[in-house]
There are 2 protein chains.
Amino acid sequence: MQEDMDTVPQSRSGDITLLEKMRRQITNGRYGPGDLIPELTLAEEFGVSRTPIREALKQLQNEGLVEIRPRVGTFVRQPTRREIVELFELKESLEGLAAGLLARRGRVRELETLERNLMDSDRAAAEGDSQAYAELVHEFHWTLVRGADNRKLYETYERLMNQLAYHRIVVNTVARPERLKASDNEHHSVVEAIKSKDALDAEFTMRNHVRASSQAALRPIDEPQPARPGSIDDDAQENRRVEGGELRAC
Amino acid sequence: MQEDMDTVPQSRSGDITLLEKMRRQITNGRYGPGDLIPELTLAEEFGVSRTPIREALKQLQNEGLVEIRPRVGTFVRQPTRREIVELFELKESLEGLAAGLLARRGRVRELETLERNLMDSDRAAAEGDSQAYAELVHEFHWTLVRGADNRKLYETYERLMNQLAYHRIVVNTVARPERLKASDNEHHSVVEAIKSKDALDAEFTMRNHVRASSQAALRPIDEPQPARPGSIDDDAQENRRVEGGELRAC
DNA sequence: CCATGTCTTCTTGCATACATGAAACCTATG
DNA sequence: CATAGGTTTCATGTATGCAAGAAGACATGG
């Protein structure tokens with residue numbers, strides 16, 4: 001869904017499948033944050049040698065998903081709270097840039113995709129189908145970034161989202177109804193601004209949306225909601241689990 | 001100069017030297033764009049095996065400096081003109097973000113570094129020492145990005161600059177005097193906006209500066225200047241050399 | 001019971017050997 | 001002379017072996 005722009009970004013070697021599988025293993029699979037991932041285990045699991053595993057792990061390292069402690073091992077890395085804030089700041093800037101660029105492009109295919117997405121999102125919002133809505137949010141943002149027609153931006157965004165482990169966030173996302181509604185409205189505003197071809201307006205509307213969404217995602221960490229009193233009081237510490245399941249984004 | 005923020009970004013293995021050396025070999029060294037880089041050659045040159053060389057090459061690939069054609073070889077990659085434009089768009093956005101963040105931080109160490117830089121730049125500009133000025137431009141931008149106090153932004157910026165092969169640009173940069181002067185003035189405006197703690201103003205002042213600088217850098221490609229009529233007429237084609245020596249940035 | 005020093009084990013880091021595939025080259029033929 | 005086919009060469013992709021280092025366990029002495 002995010003591998004094909006028009007042609008393949010780079011003619012990477014055939015391990016693209018392996019790398020993707022390993023990514024899944026780490027983000028969704030049974031490897032949780034802090035866990036050690038022995039190369040040999042993965043190697044015999046995927047039926048290959050340690051060499052390609054090592055290469056993939058190195059790539060995952062500089063994507064920020066794992067941490068390789070030399071001579072010790074490779075561990076699943078959980079972004080610190082600070083890193084998440086930093087990534088959201090970047091996300092806001094990049095998606096703002098994307099919205100502006102898309103607005104400048106005029107009526108392109110991606111814009112129509114966004115409009116269709118809006119209709120589907122309205123329906124999902126009306127029905128309160130937060131699962132479907134989460135999927136549509138995903139598609140909305142990726143479509144927008146793709147529509148910017150800037151491959152370097154796209155790659156940077158991809159890397160960013162991988163680091164955020166956005167999958168983990170989105171999958172566990174069952175947004176609160178009021179935020180869902182607000183999100184839907186904001187999406188409408190964004191598309192409206194893009195359609196009006198006002199690049200600056202589009203950029204800032206998007207940035208406001210991303211900021212709101214990020215803050216909504218971070219809030220459960222900042223101040224545990226009364227409805228869910230449980231067990232979140234020890235942030236402040238770095239390298240502490242940020243309880244990804246609590247993150248929402250839309 | 002750009003490896004140390006406070007602590008080392010990631011405890012990478014000891015090949016950081018090797019990787020850096022290879023980067024130099026490619027950006028400065030005897031490997032020009034399009035050249036094949038046999039792993040074995042590098043291996044025996046650095047006195048190591050092919051394995052660490054391969055790892056470094058893979059990293060250089062996803063930094064965009066080389067292209068690995070599977071089963072064929074690793075080639076020095078020259079960014080296409082389009083990619084350079086894309087990278088400059090990103091650069092503008094990222095440095096704008098950095099300026100805004102720095103403005104919000106108030107009076108920090110980096111701000112004083114910028115002010116000192118301004119004084120030195122004024123002197124270099126007055127003396128017409130474009131070489132020294134180029135160095136100071138370099139420091140100016142890196143200091144600003146570092147001053148944003150956002151490590152993810154810093155890493156993204158670093159990756160971006162590596163892809164741009166900014167070294168190649170800056171080293172060969174002997175900016176035209178009028179652009180040098182304009183650049184110096186813009187730097188002043190930027191620092192002024194940052195000091196006034198107006199984040200939005202700082203962001204846009206910076207963005208305007210980066211845009212101006214980028215356009216100045218791209219102009220020699222767009223329209224060969226009458227003073228240097230030579231040999232630049234075949235852009236439009238992708239994968240064509242962009243004649244990095246012609247790029248200026250300030 | 002606690003602390004300290006040693007040892008074992010596990011994991012990575014690097015080197016090397018071999019297989020595979022692609023590109024270039026050489027030759028033979030129309 | 002040009003072209004098609006086959007062969008050779010070269011560079012990568014992968015597997016495996018070996019060594020070095022770190023973390024934890026265990027035993028021993030205070």
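Per chain, numbering begins at 1; letters A, B, ... match sequence-line order.
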Can you find a donor-acceptor pair, distance only, under 3.5 Å between A:Arg71 side chain and C:dT11 base?
no
Less than 4.0 angstrom from a charged side-chain N to a carboxylate O is my criterion; do B:Glu89 and A:Lys152 meet it?
no
Could you tell me whether the side chain of B:Arg159 reaches within less than 4.5 Å of the side chain of B:Met161, counting heavy atoms only?
no
Euclidean distance, atom NZ of residue B:Lys58 to atom P of D:dT14 [Å, nearest integer]
8 Å
Cationic N near anionic O, under 4.0 Å, A:Lys58 to A:Glu55:
no
Provide, to the nearest angstrom, the distance between the CG atom belonging to A:Leu40 and the C1' atom belonging to D:dA15.
12 Å
Phosphate-side-chain proximity, B:Thr51 and C:dC14, N/O vs OP1/OP2 below 4.0 Å:
no
Base, sugar-phosphate, or nothing: which does A:Ile37 touch, judged by heavy atoms less than 4.0 Å apart?
sugar-phosphate
Can you measure A:Arg69 atom CZ to C:dC10 atom P for me and round it to whole angstrom units?
18 Å
Rounded to whole angstrom units, what separation is found between the CD atom of A:Glu44 and the C1' atom of C:dC10?
14 Å
Closest to side chain of B:Glu39, choosing from D:dT12, C:dT12, C:dA15:
D:dT12
Which one, D:dT12, C:dT12, C:dC14, comes nearest to the side chain of B:Thr74?
D:dT12
Tell me which of A:Pro38 and B:Gly47 sits closer to the 5' end of DNA chain C, going by the nucleotide each one is nearest to.
A:Pro38
For residues B:Tyr154 and A:Glu86, determine if any side-chain heavy atom of one lies less than 4.5 Å from a side-chain heavy atom of the other.
no
Whole angstrom is fine here: how far is it from CD in A:Gln61 over to C1' in C:dT12?
13 Å
Between P on C:dT12 and CD1 on A:Ile53, what's the gap in Å once rounded to a whole number?
11 Å
Nearest to the side chain of B:Arg50, heavy atoms from C-beta on, is which of C:dT12, D:dA23, D:dT14?
D:dT14
Output the single nucleotide from C:dA22, C:dT11, D:dT14 whose closest atom is nearest the side chain of B:Val72.
C:dA22
